[in-house]
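Below: the structure, in structure tokens.
Heavy-atom basis, side chains included; hydrogens, waters and symmetry copies ignored.
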Amino acid sequence: MRPDIKICGLKTPETVERALKRGATHIGFNFFQKSPRYVEPDIAGKLAEPVRGKAKVVAVVVDPSNDDLDEIVALLRPDMLQLHGSESPERVLTIKAMYGIPVIKALSVRSTDDLKRVEAYIGIADRFLFDAKPPKGSELPGGNGVSFDWGLLTWLDGNVDYMLSGGLNKANVGQALAMTKAPGVDTASGVESAPGVKSLDMIDEFFDAVEQACMPETTTGSVN
């Protein structure tokens, strides 16, 4: 069974179209201004129009103010909010109450202790996204093209719904799925030719790799 696939940080109609054509279940628009994937809310709203009814429109935000959220929700009309900062469980509850929109809570992972933070958000966040902790010196909470030890995810309760993120690309997504059986995968830098520049060919290659990983194993033998 193919996992959900989220392509994050899209900025052009062509890349949105290609991701939809290949079967993306979630399309993410990044509103963190320090990111090379940042897009203005009004532009994101236009880019999202062909997505509606075909995939989930996701607004990716980092410790947003209420004013920021008001503008993004009004102009993008997202299906989900991805909170990729240090938002507390209480803040997540407040945001959900304000907008009535499901929330993906992103958590940065380097150790089992990082994963244990999930417990505080169970029953509050609608889904989780596990990303690698940013390397030293990076100002980006995600999209750094680095992975974490996927073996840590064996600690998780099987009922936790999540997307796996952090350095996923055509070369490693198959291994990641084989190890984790993740119900969803997310990529941004893994389909880019340069920071913030999505490649149509790399989007195709990522989807090809996921599909290859999800093909049932075939057995051969002789019939007497």
Side-chain angles (χ1 to χ4, degrees), residues 1-10 15 18-28 30 35 37 55-56 58 60 80 82-84 104-118 121-122 125-135 138 140-193 195-218:
M1 184 174 175
R2 199 180 82 161
D4 288 344
I5 301 176
K6 177 168 167 280
I7 306 296
C8 203
L10 294 173
T15 53
R18 183 61 59 89
L20 286 176
K21 181 179 179 182
R22 291 307 305 262
T25 58
H26 298 68
I27 300 291
N30 190 317
S35 171
R37 301 166 193 96
K56 299 286 188 186
V58 183
V60 180
M80 304 188 83
Q82 179 177 315
L83 305 181
H84 213 112
I104 300 170
K105 181 67 185 89
L107 296 174
S108 298
V109 177
R110 185 177 292 141
S111 67
T112 302
D113 285 342
D114 296 321
L115 274 179
K116 288 180 179 178
R117 294 175 54 214
V118 166
Y121 295 89
I122 295 291
D126 298 277
R127 196 168 197 177
F128 293 94
L129 183 141
F130 298 126
D131 200 353
K133 283 203 169 181
S138 174
L140 305 180
N144 290 290
V146 294
S147 301
F148 64 93
D149 178 4
W150 302 319
L152 295 172
L153 294 173
T154 58
W155 176 86
L156 280 180
D157 184 295
N159 294 320
V160 173
D161 186 21
Y162 72 93
M163 285 189 156
L164 177 61
S165 186
L168 294 181
N169 55 48
K170 67 177 183 179
N172 64 12
V173 69
Q175 180 187 4
L177 287 169
M179 282 186 64
T180 66
K181 303 296 188 291
V185 292
D186 168 279
T187 189
S189 62
V191 291
E192 291 179 350
S193 57
V197 181
K198 295 290 188 290
S199 160
L200 298 180
D201 288 342
M202 292 174 75
I203 290 173
D204 281 337
E205 290 165 351
F206 186 82
F207 278 91
D208 289 345
V210 173
E211 290 168 4
Q212 180 67 32
C214 295
M215 287 179 64
E217 294 183 8
T218 57

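- Among Asp186, Leu153, Leu129, the single residue meeting the side chain to side chain contact (heavy atoms under 4.5 Å, CB included) criterion with Tyr162 is Leu153.
- Asp204 contributes atom CG, which lies 7.5 Å from atom NZ of Lys21 (distance to the nearest 0.5 angstrom).
- Across Val191, Val58, Leu20, a single residue satisfies side chain to side chain contact (heavy atoms under 4.5 Å, CB included) together with Ile7, and that is Val191.
- Asp149 contributes atom CG, which lies 6.5 Å from atom CE of Met179 (distance to the nearest 0.5 angstrom).
- Within the 4.5 Å cutoff, no side-chain heavy atoms of Phe207 are placed close to those of Arg18.
- We find the NE2-CG distance between His84 and Asn30 to be 9.0 Å, quoted to the nearest 0.5 Å.
- Taking CZ from Arg117 and CG from Leu115, the interatomic distance works out to 10.0 Å, rounded to the nearest 0.5 Å.
- When all heavy atoms are compared, the tightest approach of Ala209 to Val173 is CB-CG1, 3.7 Å.
- Heavy atoms only, all atoms of each residue included: Tyr121 and Leu107 are closest at CE1-CD2, 4.2 Å.
- Of all the heavy atoms in Pro3 and Leu177, the pair that sits closest is CG-CD2, 3.9 Å.
- Judged by distance alone, the side chain of Asp208 and the main-chain N or O of Glu211 form no donor-acceptor pair under 3.5 Å.
- Between Leu83 and Ile104, the closest side-chain pair of non-hydrogen atoms is not below 4.5 Å.
- Side chain of Asp161 to main chain of Pro183: no donor-acceptor pair is present (N/O by atom type, distance under 3.5 Å, no hydrogens or angles).
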For this session: Report the C-alpha distance between Gln82 and His26 in whole Å, list the side-chain angles of each, state the deciding distance to 0.1 Å, and finish with yes or no for side-chain contact (heavy atoms from CB on, under 4.5 Å).
Result: CA-CA 11 Å; Gln82 179 177 315; His26 298 68; over 6 Å; no

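- Heavy-atom minimum distance, Ala19 versus Ile27: CB-CD1, 3.7 Å.
- With rounding to the nearest 0.5 Å, the separation of CZ in Phe130 from CG in Asp114 is 10.5 Å.
- For the residue pair Thr154 and Gly151, the shortest heavy atom distance occurs at OG1-O, 2.8 Å.
- Between the side chain of Thr25 and the main chain of Ile5, a donor-acceptor pair closer than 3.5 Å is present.
- Asp131 places a side-chain N or O within donor-acceptor distance of the main-chain N or O of Gly166, the cut-off being under 3.5 Å.
- You'll find the side chain of Phe128 reaches within 4.5 Å of the side chain of Lys105, heavy atoms only.
- Listed here is the closest heavy atom pair of Glu192 and Arg37: OE2-NE, 2.7 Å.
- Residues Val160 and Ile122 are in side-chain contact: their nearest non-hydrogen atoms beyond the backbone lie under 4.5 Å apart.
- Rounding to the nearest 0.5 Å gives a distance of 9.0 Å between CG of Asp201 and NZ of Lys170.
- A side-chain donor-acceptor contact under 3.5 Å links Thr187 to the backbone of Leu168.
- Counting heavy atoms from C-beta outward, Arg22 and Val210 have side chains that stay 4.5 Å or more apart.
- Judged by distance alone, with hydrogens and angles left aside, the side-chain atoms of Lys198 form a donor-acceptor pair with the main-chain N or O of Cys8 at under 3.5 Å.
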